[in-house]
Amino acid sequence: QVQLVESGGGLVQPGGSLGLSCAASGSIFSVNVMGWYRQAPGKERELVADITSGGSMKYADSVKGRFTISRDNAKNTVYLQMNSLKPEDTAVYYCNADIRPYFSAESNYWGQGTQVTVSA
């Protein structure tokens with residue numbers, strides 16, 4: 001069974017930094033796109049950033065220049081380094097990945113979510 005396990009998150013002051021990580025585990029043949037989404041209270045879930053297995057990255061305009069996504073393909077892990085955090089970055093952050101398990105077709109998976117709160 002494939003799962004995504006997130007770590008990181010927490011409370012940080014405006015202007016501070018925080019890092020998230022997400023590891024895919026289970027019977028995995030390959031991992032394609034990995035990314036991070038977030039959902040603030042009363043708002044829809046939105047893409048923050050994603051990265052292909054080849055290293056092509058995409059960012060939401062609101063985080064460009066402040067957040068950096070990276071991945072370790074050998075560990076099936078994706079990271080999100082968040083700098084210059086703003087109160088509007090407060091949300092539950094979800095890891096997402098397109099994973100092909102052994103003997104199964106590729107499917108999309110979600111992590112359990114981790115809270116990021118930016119507040120003085």
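No chain of hydrophobic side-chain contacts below 4.5 Å, direct or via other Ile, Leu, Val, Met, Phe, Trp or Tyr residues, connects Val78 to Tyr94. Under a hydrophobic-cluster definition in which Ile, Leu, Val, Met, Phe, Trp and Tyr are linked whenever side-chain heavy atoms come within less than 4.5 Å, directly or via other members, Trp36 and Met57 are assigned to the same cluster. In the hydrophobic cluster analysis, where Ile, Leu, Val, Met, Phe, Trp and Tyr join through side-chain heavy atoms closer than 4.5 angstrom, Val12 is grouped together with Met82.
Scanning all heavy atoms of the two residues, the minimum distance from Ser17 to Ser84 falls at OG-N, 4.4 Å. Nearest heavy-atom pair, Ala97 versus Leu4, reported as atom, atom and distance to 0.1 Å: N-CD1, 3.9 Å. Closest approach of Asn32 to Glu106, counting heavy atoms only: CB-OE1, 3.7 Å. The shortest non-hydrogen separation linking Ala24 to Ile99 is CB-CD1, 3.9 Å. Of all the heavy atoms in Val92 and Gln115, the pair that sits closest is CG2-OE1, 3.3 Å. Between Ala49 and Leu80, the closest heavy-atom pair is CB-CD1, 4.5 Å.
Tyr79 places none of its side-chain heavy atoms less than 4.5 Å from the side chain of Leu20. Asn73 has its side chain out of reach of Val31: every pair of non-hydrogen atoms, C-beta onward, lies at least 4.5 Å apart. A 4.5 Å side-chain heavy-atom check between Ser62 and Glu88 finds every atom pair outside the cut-off.
Between the Thr90 side chain and the Val118 main chain, a donor and an acceptor come within less than 3.5 Å of each other. Under the 3.5 Å distance criterion, the side-chain polar atoms of Glu6 are left unmatched by any main-chain donor or acceptor of Cys22. Not a single donor-acceptor pair under 3.5 Å links the side chain of Gln39 to the backbone N or O of Ala91. Formation of a donor-acceptor pair under 3.5 Å by the Asn96 side chain with backbone atoms of Met34 is not found in this model. Listed for the Tyr59 side chain is a donor-acceptor partner under 3.5 Å among the backbone atoms of Ile69. The backbone N or O of Val116 sits nowhere less than 3.5 Å from a side-chain atom of Arg38 that would complete a donor-acceptor pair.
Note: Phe29 and Tyr102 have perpendicular aromatic rings, judged against thresholds of 30 and 60 degrees for the angle between ring planes.
Side-chain atoms of Asp72 and Thr77 include no donor-acceptor pair closer than 3.5 Å.
Under 4.0 Å is where a charged nitrogen must lie from a carboxylate oxygen, and between Asp89 and Lys86 no such pair does.
Other residues, nucleotides and ligands contribute only 12 or fewer heavy atoms inside 6.0 Å of the CD atom of Glu44.
Interatomic distance, CZ of Arg71 versus OG of Ser21, reported as 14.0 Å (0.5 Å rounding). Separation of atoms CG (Leu11) and OG (Ser119) is listed at 6.5 Å; rounding is to 0.5 Å.
Geometrically, Arg45 does not engage Tyr37 in a cation-pi contact defined by less than 6.0 Å to the ring centre and at most 45° from the axis.
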- Item | Criterion side-chain contact (heavy atoms from CB on, under 4.5 Å) on Val2 and Ile28, from CA distance to verdict | CA-CA 7 Å; Val2 173; Ile28 296 172; 4.0 Å; yes
